[in-house]
Visitor: 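Pasting in a structure now, in structure tokens, and then I'll have a few things to ask.
Each residue takes its place number in the sequence, starting with 1. Every number for a ligand or one of its atoms is a count from 1 in the order of the listing. Keep in mind it's a predicted model, so treat the numbers as computed, not measured.
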Amino acid sequence: MNPKRQDKYKAIWMSHSSLQDYEKCPRLYYLHNIYKDKKTGRKINIASPYTTLGIAVHNVLEALVNYKTEDRIKQDLLANYEKEWSKFSSSISGFDNEEQEKEFKERGRRMLQNVMSNYRVLSLKTIPLSSYYDGDMLPNYYISEEENIILCGNIDWIEYADASKSLNVIDFKTGKNEEKEDSLQLPIYKLLLTNLQNKWKVNNGYYWYLDNDSFVEKELPESLLKNTKTKIIKTGTEIRDKRFVWNESRGAWENVTEVEKNFTCSNGEYCDCKKYEKILKGEATYLGIDMYGKDSYKI
Ligand code: SF4
């Protein structure tokens, strides 16, 4: 038997969000992660005020990594936020009206005011995530070469703890809801960061809820990482078998035909797909191409 050849273009790229999509429903995963409009060749996305708010606040905070630790505190986050916000033309930001946009923008301002009154980890040493980018690909590593599965992710902030010469991962939260207790987001980030470098040990992770400035530590023991890895490979293999087949004689992964049929409705109870189905039926309003190069729609 040929050893299975790694092929990044036919690999299954697993991330926290794609894993969540698939666990909710295979068809939702298909619509969000695979489907491309035949005319434009682009993936589709649903514009939302929450996403716009999240991106603007994250961009302001993540840009601080480019400054020396002692200079971060001197930055005018609110002025930077104005600039970030202005990049979102209201036509593709998903707001219903000016009043709603004002309300969301104000929420973001309050979050940044919270940060400015307590910079916490932002004024400590950090490692820029950009050091782990692979060209224009998100930081990633082969979590299973045999199964052709890659783990990728975008860690908001990596703190370098001088005393212990180790790293902490921090995730900024701009939503109202707390991350679920059994969320795999931070275990996935620790797994990723541990495999992207071997210079430093990676410690626990933190969620920083910016709305109420609460900073929540999560323990990430080895047993949890082991279970997370097993789950990613198991789910990734299931997805791969629906998308690609190994051709023994050619020694290559090949596309399965009629992939869509393999990603079916799981139970009809979780129905986020309805919004995507509206796009497919031509019932949504096309807004334009978003910053990720996807066709953006308003439902
Ligand atoms: S109706 Fe619900 S369960 Fe069915 S495909 Fe849509 S999201 Fe999935």
Visitor: Examine Cys25 and say whether one of its N/O/S atoms is closer to atom 8 (Fe) of ligand 1 than 2.8 Å.
Guide: yes
Visitor: At a 4.0 Å threshold, what atoms of ligand 1 neighbour a non-hydrogen atom of Cys273?
Guide: 1 (S), 5 (S), 6 (Fe), 7 (S)
Visitor: Salt bridge check: are Glu283 and Lys275 linked by an N-O gap of less than 4.0 Å?
Guide: no
Visitor: Just checking Trp85 against Phe95, ring centres under 6.0 Å apart?
Guide: yes
Visitor: Just let me know how Lys274 lines up against ligand 1, side chain, backbone, both or neither, with a heavy-atom cut-off below 4.0 Å.
Guide: side chain
Visitor: Examine distances only and state if a side-chain atom of Glu82 and a backbone atom of Leu78 form a donor-acceptor pair shorter than 3.5 Å.
Guide: no
Visitor: Under 4.0 Å from any heavy atom of Arg27, which atoms of ligand 1 are there?
Guide: 5 (S)
Visitor: Does any donor atom in the side chain of Asp295 or Asn45 lie under 3.5 Å from an acceptor atom in the other side chain?
Guide: no
Visitor: Would you check if atom 6 (Fe) of ligand 1 lies under 2.8 Å from any N, O or S atom of Cys265?
Guide: no
Visitor: Near Ser266, which atoms of ligand 1 are under 4.0 Å from a heavy atom of that residue?
Guide: 3 (S)
Visitor: Answer with yes or no whether Lys24 contacts ligand 1, where contact means a heavy atom under 4.0 Å from a ligand atom.
Guide: no
Visitor: Can you see which heavy atom on Val245 is nearest to which on Val256, and at what distance?
Guide: N-CG2, 4.1 Å
Visitor: Output side-chain donor-acceptor pairs under 3.5 Å for residues 186-195, partner residues at least two apart or in another chain, one line each.
Guide:
residue, atom, partner, partner atom, Å
Tyr189, OH, Asn154, O, 3.4
Tyr189, OH, Gln185, NE2, 3.2
Lys190, NZ, Val202, O, 3.2
Lys190, NZ, Leu220, O, 2.9
Thr194, OG1, Lys190, O, 2.6
Asn195, ND2, Tyr141, OH, 3.3
Asn195, ND2, Leu191, O, 2.7

